[in-house]
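This is a predicted model, so every value here is computed, not measured. Counting starts at 1 for both ligands and their atoms, in listed order.
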Amino acid sequence: MDEALELLAAHGPDAKPLAGGQSLIPAMNFRLSTPAVLVDLNEIPGLSNVTSGDGFLRVGAMARHRTLERSEVVAREAPLVAAAMPFIAHAAIRTRGTLGGSLAHADPAAELPAVMLALDAAFTLRSGQGSRTVCATDFFTGLFSTVLEPGELLTEVAIPRRPPHSAHAFEEMARRHGDYALAGAAASVAIDERGRCTMARIALFSVGDRPVLAEHARRALVGEPPTPDTIRGAADAAAAHDIDPPGDIHASSAYRRHLAAVMTRRVLERAFHSLETP
Ligand SMILES: Cc1cc2nc3c(=O)[nH]c(=O)nc-3n(C[C@H](O)[C@H](O)[C@H](O)COP(=O)(O)OP(=O)(O)OC[C@H]3O[C@@H](n4cnc5c(N)ncnc54)[C@H](O)[C@@H]3O)c2cc1C
């Protein structure tokens, strides 16, 4: 780790960390990215650990997608992560791609940034100067951009333990399985003993330049029983007020907005339904 940080500091913006290479190498093939120096993170000891304790699931940045997909501790402690994994590309890409690479790459259509928003995760960033912690909601700053500075590495993701009476769900719509989504939603919800919603973190992706935490949808749900009408109202609020989706060759803005409402309604229905039937 020290050697990697020294190399990154020495070469500044000319250097790029290389994780699974599943986004960086295609970008280099297209000359969209032309780093003079690659700093390979693959052999750094301890950077792909998955551990649980002190109220958090801690995942090293170099943990492969496939490791998270198959991990029992991830399935138990952060089932939303496990649920999203099969939607990311194909098995060959998931075998190389890493959690840290996906988050640092910050593709607005990627699944894991949205999942981390829904789970209220915190990221540890390290440079030669020291380390800092940034919550997922502050990490993504725009299209393929984050708060990471040149010379800084994302080293660990901490996912807080699930509160009692909580549930999750994940949905996306893609043209073909494994394609990037036209729109998708990840939700983490909780209810109290009276069945009223106490938490609703709904993260939408592929609907803007970064993943979006649906604040209007949250407000429509918290304090209310999750009836079909409340859920529909929250989904409509998310689509109408939380996002301003772009149109492109894959989908118009109006279609993405429609999909966002449908995806939000489905994740909420599934998550709340699983709480009714323990
Ligand atoms: C055909 C294809 C389909 C795909 N489909 C999907 C999909 O549906 N959904 C999806 O989410 N992804 C998809 N991906 C991308 C895949 O998930 C990548 O693995 C991921 O986006 C990047 O992870 P990586 O480890 O390969 O990172 P790399 O490609 O090695 O790096 C990506 C970027 O992050 C930086 N970086 C990497 N690690 C760190 C770190 N620890 N700290 C700081 N910066 C770092 C690199 O310098 C680079 O700029 C697809 C890729 C391909 C080739």
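In terms of polar-atom proximity, Arg96 is not counted as a contact of ligand 1, lacking any N or O under 3.5 Å from an N or O of the ligand. Inclusion of Leu153 in the set of residues having an N or O under 3.5 Å from an N or O of ligand 1 is not warranted. The shortest N or O to N or O distance between Ala110 and ligand 1 is not below 3.5 Å. In terms of polar-atom proximity, defined here as any N/O pair under 3.5 Å, Leu154 does make such a contact with ligand 1. For a threshold of 3.5 Å applied to N or O pairs, the pair formed by Glu152 and ligand 1 contains no separation below that value.
The option with the heavy atom closest to atom 24 (P) of ligand 1, from among Ala114, Pro17, Gly20, is Gly20. For atom 3 (C) of ligand 1, the candidate residues are Gly101, Ala15, Ala89, Ala4; the nearest heavy-atom contact is made by Ala89.
Listed by atom number, the atoms of ligand 1 under 4.0 Å from Ala19 heavy atoms are 25 (O), 27 (O), 30 (O), 37 (C), 38 (N). Ligand 1 places these atoms under 4.0 Å from at least one heavy atom of Gly21: 24 (P), 26 (O), 27 (O), 28 (P), 29 (O), 30 (O). Near Gln22, meaning under 4.0 Å from one of its heavy atoms, ligand 1 places the atoms 18 (C), 19 (O), 26 (O), 29 (O), 51 (C), 53 (C).
If you take OG1 on Thr198 and NE2 on His165, they are separated by 9.0 Å, rounding to the nearest 0.5 Å. Atoms CD and CZ, on Glu172 and Arg266 in that order, are 12.0 Å from each other to the nearest 0.5 Å.
With sequence neighbours excluded, the residues forming a side-chain contact (heavy atoms from CB on, under 4.5 Å) with His90 are Ile93, listed by chain and number.
In this structure, Ala174 has no heavy atom closer than 4.0 Å to ligand 1. Judged by the shortest distance from any of its heavy atoms, Leu148 lies inside the 4.0 Å radius around the atoms of ligand 1.
Under 4.0 angstrom from ligand 1, the non-hydrogen atoms of Leu41 all belong to its side chain. The side chain of His65, and not its backbone, has at least one atom closer than 4.0 Å to an atom of ligand 1 (non-hydrogen atoms only; side chain from C-beta on). Only the side chain of Ile93 comes within contact range of ligand 1, with a heavy atom under 4.0 Å; no backbone atom does. Contact annotation for Ser102 and ligand 1: heavy atoms of both the backbone and the side chain come within less than 4.0 Å of the ligand. Under 4.0 Å from ligand 1, the heavy atoms of Asp179 that appear belong solely to its backbone.
Clustering ILVMFWY residues whenever any of their side-chain heavy atoms sit less than 4.5 angstrom apart, transitively, puts Val73 in the very cluster that holds Leu80.
For the pair Asp248 (side chain) and Ala251 (backbone), a donor-acceptor distance under 3.5 Å is present.
Screening residues 23-35 for side chain to side chain donor-acceptor pair (under 3.5 Å) gives no qualifying pairs among residues at least two apart or on separate chains.
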